[in-house]
Protein chains: 2
Amino acid sequence: MVDYQPASLDRTFAALADPTRRALLARLSDSDAVSVSDLAKPFAMSLPAIMKHLDVLKDAGLVTREKSGRIVSCRLRAEPMHEANEWLNRYQRFWTERLDQLEALLENDAWLPPSLQNQASPSSVDSRPRPRKSLPRGPIRKK
Amino acid sequence: MVDYQPASLDRTFAALADPTRRALLARLSDSDAVSVSDLAKPFAMSLPAIMKHLDVLKDAGLVTREKSGRIVSCRLRAEPMHEANEWLNRYQRFWTERLDQLEALLENDAWLPPSLQNQASPSSVDSRPRPRKSLPRGPIRKK
DNA sequence: CCTATACTTAACCAGATGGTTGACTATCAG
DNA sequence: CTGATAGTCAACCATCTGGTTAAGTATAGG
């Protein structure tokens with residue numbers, strides 16, 4: 001009954017919910033690989049605290065760590081973000097709703113399949129997968 | 001020091017990190033407005049537990065509640081997801097890049113046993129992010 | 001009025017989270 | 001070998017999270 005959602009999404013979103021961790025990811029997106037202490041430098045907290053954040057990011061699959069000598073290089077791994085992005089894109093039609101309505105008005109629904117034309121009621125928002133930048137593969141059925 | 005990240009992203013990602021809450025949002029994306037007890041019905045947990053989840057979603061701005069008589073209608077509000085989506089999209093080139101690299105590997109197959117190597121690689125290895133749709137996205141590693 | 005329904009609030013609890021300090025291991029440089 | 005550097009581990013602590021039960025409020029309906 002409740003649609004099953006993989007635990008990896010849990011860990012991904014939870015990892016992204018902390019500003020320190022998002023800043024770490026931002027830093028890793030600038031450089032190819034960064035050592036742990038270099039990563040920690042800009043922050044006001046202790047090194048073990050950063051380590052814990054890196055552990056969370058690693059458990060979420062968002063960073064990899066590779067030891068070479070005594071320095072440990074951290075690298076961004078963005079695939080889990082892709083999964084999160086696809087989950088979010090199922091809701092894209094809700095925030096692009098107004099834009100879609102405007103487009104539909106301007107373009108006179110020419111791009112819609114005939115079965116969906118002339119259904120401009122604002123309450124029935126469903127089944128308007130407008131191909132934008134990414135894939136909005138939302139549920140089609142209406143309750 | 002650290003680039004400032006708004007607290008609303010914290011709340012949005014944190015709200016999305018729970019499977020129950022994602023299921024609630026999925027339910028709300030099917031119907032225009034759903035009462036609290038209808039929302040709670042499919043779940044094995046108590047009503048106050050669902051209430052707490054709805055509070056979290058409300059604090060994140062992901063649902064609105066409107067009382068009418070003794071029933072409270074909940075509605076999806078997707079704007080915070082838009083913000084989260086835009087944050088994620090700043091990293092899109094990374095998963096696209098890596099997929100391109102993987103694809104280049106598969107086409108180049110220098111790592112394959114010679115019996116499985118076939119024709120040469122036509123695509124450039126380090127390409128800019130280009131829109132691709134056929135992704136062999138197998139399960140990301142689970143715990 | 002009386003009672004069932006719909007929701008809310010409060011108190012409590014176990015476990016996760018986010019930080020600390022201090023001690024410890026491993027490696028590089030002299 | 002010695003000492004500094006890079007990172008990890010362990011114990012501790014406060015707060016947050018996600019659930020419970022029990023009691024309370026408000027409205028709809030007979």
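Proteins get letters first, then strands, A, B, ... in listed order; numbering begins at 1 in each. Please read these numbers as outputs of a predicted model, since none were measured by experiment.
- Under the rule for a salt bridge (charged side-chain N to carboxylate O under 4.0 Å, His left out), the partners of A:Asp32 that lie at least two apart in sequence or sit in another chain are A:Arg75.
- Atom-to-atom, CZ of B:Phe43 to C1' of D:dT20 comes out at 17 Å; the value is rounded to the nearest Å.
- Within residues 50-60 of chain B, the residues that place at least one heavy atom under 4.0 Å from DNA chain D are, in residue-number order, B:Lys52, B:His53.
- The interatomic distance linking A:Phe13 (CZ) with C:dT17 (P) rounds to 17 Å, in whole Å.
- Taking atom CG of residue B:Leu16 and atom C1' of nucleotide D:dT17, one finds them 16 Å apart after rounding to whole Å.
- Residues passing the salt bridge (charged side-chain N to carboxylate O under 4.0 Å, His left out) test with A:Lys41, sequence neighbours excluded: A:Asp38.
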Check: If the sugar-phosphate is the primed atoms plus P, OP1 and OP2 and the base is the rest, what is the B/S/- string for nucleotides 21-30 of chain C, using protein heavy atoms under 4.0 Å?
Finding: BB----BS--
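- The minimum heavy-atom distance linking B:Thr12 with B:Met81 is given by the pair CG2-N, 4.5 Å.
- Taking side-chain N and O atoms only, B:Arg21 has a distance below 4.0 Å to OP1 or OP2 of D:dG18.
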Please list each protein N or O that sits under 3.5 Å from an N or O in nucleotides 14-16 of chain D, with the distance.
none

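- Interatomic distance, CG of A:Leu28 versus CZ of A:Arg77, reported as 13.5 Å (0.5 Å rounding).
- For the pair B:Ile71 CD1 and C:dA4 P, the interatomic distance rounds to 21 Å; values are reported in whole Å.
- At a threshold of 4.5 Å between non-hydrogen side-chain atoms, the residues B:Leu16 and A:Leu9 do not count as touching.
- Here C:dT17 presents its P atom at 15 Å from CG of B:Asp10, a figure rounded to the nearest Å.
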Side-chain donor-acceptor pairs of residues 63-72 of chain A under 3.5 Å, sequence neighbours excluded:
residue	atom	partner	partner atom	Å
A:Arg65	NH1	A:Asp55	OD1	2.8

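- B:Glu83 meets the side chain to side chain donor-acceptor pair (under 3.5 Å) test with B:Ser8; sequence neighbours excluded.
- Listed for the A:Tyr91 side chain is a donor-acceptor partner under 3.5 Å among the backbone atoms of B:Ala26.
- In this structure, the side chains of A:Gln92 and A:Arg90 stay at 4.5 Å or more apart for every pair of heavy atoms.
- In this structure, A:Met45 places its CE atom 8 Å from C1' of C:dG19, rounding to the nearest Å.
- No single ILVMFWY cluster, assembled from side-chain heavy atoms under 4.5 Å apart, contains both A:Leu25 and A:Val56.
- Take A:Ala14 and apply the side chain to side chain contact (heavy atoms under 4.5 Å, CB included) test, not counting sequence neighbours, and it matches B:Ala17.
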